[in-house]
Amino acid sequence: MVERPRAGLSKVHMQIQTAPSTTPFSQLDAHGRLRHLVTLEGLEPDLIRELLDRAQAYLRRPGQASAHGNELDGWTVANLFSEPSTRTRSSFQLAATRLGADVVNLDLQLSSRTKGETMLDTIYTLQAMQVDVFVIRDAQAGVLQFVAEHVEPHVSVASAGEAHTSHPTQGLLDALTIHQYKGGFRDLVVSIVGDIKHSRVARSDFTVLSALGVGEVRLVGPKELMPPAGEFPGAKRIHSLDEGLDHADVVMMLRIQKERMEDAHIPDDAHYCAEWGLTAQRLKRARPEAIVMHPGPINRGVEIASEVADGPQSAIRMQVTNGVAVRMAVLASMAEARRGRAA
Ligand code: CP
């Protein structure tokens with residue numbers, strides 16, 4: 001009978017959970033290929049463009065069958081979400097299955113985490129079931145990198161949104177959407193409107209748009225919802241919606257992230273809507289061909305009126321469509337990198 005060193009193993013796990021890694025973290029493998037996607041910070045523009053091109057190739061016209069492939073044949077992708085999600089979780093699942101992977105969805109609030117199991121023990125448990133990619137959404141900053149530093153060398157970690165800090169696949173799908181409508185980034189004015197302080201989407205969008213050479217980024221919102229000084233270097237901060245919309249090419253509306261506010265000093269929904277809600281009348285301040293984006297979920301009648309969300313300038317549903325394609329591109333790139341390492 002094989003002896004099971006339970007006590008020894010749990011000591012090892014305790015060490016792993018408390019000891020920071022001594023080697024610098026890299027999302028790329030030794031050949032510069034994508035192994036993990038924890039953040040867009042530091043990714044070369046060429047790699048970003050490669051991911052966007054790859055995503056574009058997975059798109060099909062409305063009414064056509066969705067793209068399928070065998071890039072993830074034999075792989076297992078685990079979705080581990082500790083915060084609610086509709087778009088990101090569904091689209092990672094669709095992306096993985098359309099490329100041939102098995103998918104396990106673990107709602108962490110209903111998992112053995114609630115019985116005291118640590119995040120790493122949960123990861124090791126699923127890794128023992130031969131999971132190849134962990135897709136993780138977590139409210140705590142740093143968890144994604146921590147997991148990526150501890151998985152086996154063939155295993156990848158993809159962020160599905162981390163705290164207020166980063167939502168890399170949302171940044172990529174937003175960049176793809178803007179490119180589809182505008183053909184580039186260089187001359188564009190992009191106005192990000194609302195609760196920027198608590199928004200991981202705003203941070204990842206700013207990172208990717210800056211890497212791709214966007215003309216101007218404006219942060220538009222009340223002072224209480226602006227990020228700390230020093231973040232978003234080079235972006236203009238504007239505390240008037242009308243001024244922030246003037247001649248904008250892209251208007252990115254954000255939801256108020258009440259779940260991330262400990263001491264919210266914001267007006268109620270009706271007052272917020274009166275000052276910061278995007279209506280068709282207000283949108284006239286932007287360029288006539290401006291597009292309106294929103295990462296979702298939208299709060300109709302708060303940050304955006306239905307006439308805008310469902311109107312001719314809305315790109316919101318295209319963002320959702322692009323989300324599946326971008327996540328297919330990310331997963332396929334990870335698989336390709338692993339095949340390259342094995343060759
Ligand atoms: N945009 C976004 O992350 O939406 P979900 O929270 O529904 O995944």
Side-chain angles (χ1 to χ4, degrees), residues 37-40 51-52 55 77-98 103-110 133-141 143-144 157-178 180-181 190 192-209 221 225 250-261 278 291-300 302-304 308-310 314-331:
L37 183 61
V38 170
T39 174
L40 296 175
L51 288 168
L52 300 186
V77 174
N79 276 332
L80 272 56
F81 280 59
S82 69
E83 290 187 319
S85 169
T86 296
R87 281 146 284 269
T88 313
R89 180 164 148 168
S90 310
S91 58
F92 261 116
Q93 176 164 5
L94 286 172
T97 51
R98 285 177 186 174
V103 177
V104 56
N105 285 307
L106 195 63
D107 180 347
L108 290 174
Q109 315 290 359
L110 298 176
V133 184
F134 289 100
V135 176
I136 301 174
R137 170 171 287 192
D138 205 280
Q140 193 185 333
V143 165
L144 272 288
V157 173
S159 171
E162 182 176 19
H164 64 285
T165 56
S166 137
H167 195 345
T169 54
Q170 182 74 44
L172 291 171
L173 76 88
D174 287 344
L176 179 61
T177 306
I178 291 171
Q180 287 165 347
Y181 282 87
V190 177
I192 305 177
V193 182
D195 181 5
I196 298 149
K197 182 177 181 179
H198 302 99
S199 175
R200 55 193 174 208
V201 174
R203 286 175 175 80
S204 285
D205 280 359
F206 181 71
T207 302
V208 71
L209 293 176
L225 298 181
V250 176
V251 181
M252 168 80 69
M253 301 305 296
L254 298 174
R255 178 178 68 87
I256 303 175
Q257 310 242 324
K258 290 179 183 164
E259 70 273 27
R260 295 191 205 291
M261 296 181 186
L278 185 63
I291 58 167
V292 176
M293 300 172 67
H294 193 309
I298 63 174
N299 288 149
R300 291 171 184 267
V302 183
E303 74 274 7
I304 191 166
V308 178
D310 305 324
S314 174
I316 295 172
R317 289 188 195 130
M318 195 62 212
Q319 288 174 267
V320 177
T321 300
N322 286 336
V324 181
V326 156
R327 285 154 188 143
M328 288 172 86
V330 167
L331 293 172

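One-based numbering, in listed order, for ligands and for the atoms of each.
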So if I count the atoms of ligand 1 from 1 in the order they appear, which ones are less than 4.0 Å from some heavy atom of Gln170?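 Matching atoms, with element in brackets: 1 (N), 2 (C).
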Under 4.0 Å from a heavy atom of Gly296: which atoms of ligand 1 are those, numbered in the order shown and with their elements?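 What qualifies from ligand 1 is 1 (N), 2 (C), 4 (O).
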Is Arg327 close to Leu173 at the side-chain level, that is, under 4.5 Å between some pair of heavy atoms?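 With C-beta onward as the side chain, the pair touches.
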Would you mind reporting whether Ile256 and Asn299 have side-chain heavy atoms less than 4.5 Å apart?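 Not in contact.
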Counting non-hydrogen protein atoms only, what is the nearest one to [atom]? Give residue, atom name and distance.
atom: atom 4 (O) of ligand 1; answer: Arg87 NE, 3.1 Å
atom: atom 2 (C) of ligand 1; answer: Thr88 OG1, 3.5 Å
atom: atom 1 (N) of ligand 1; answer: Pro295 O, 2.8 Å
atom: atom 6 (O) of ligand 1; answer: Arg137 NH1, 2.9 Å

Among Asn105, Asn79, Thr88, the one residue meeting side chain to side chain donor-acceptor pair (under 3.5 Å) with Gln93: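 Result: among Asn105, Asn79, Thr88, Asn105 is the only option passing the side chain to side chain donor-acceptor pair (under 3.5 Å) with Gln93.
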Side-chain donor/acceptor of [X] to backbone N/O of [Y], under 3.5 Å:
X: Ser166; Y: Glu162; value: no
X: Ser90; Y: Arg87; value: no
X: Arg255; Y: Asp195; value: no

Indicate the atoms forming the closest heavy-atom contact of Arg300 with Asp310, along with that distance.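 Heavy atoms only, the tightest pair is NH1-OD2, 2.8 Å.
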Any N or O on Pro297 sitting closer than 3.5 Å to an N or O of ligand 1?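 There is no such contact.
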Could you say whether the N/O atoms of Thr86 and ligand 1 ever approach to under 3.5 Å?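 Yes - when backbone and side-chain N and O of Thr86 are compared with those of ligand 1, one distance drops under 3.5 Å.
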Does ligand 1 have any atom sitting under 4.0 Å from a heavy atom of Glu83?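 The answer is no, since Glu83 has no heavy atom less than 4.0 Å from ligand 1.
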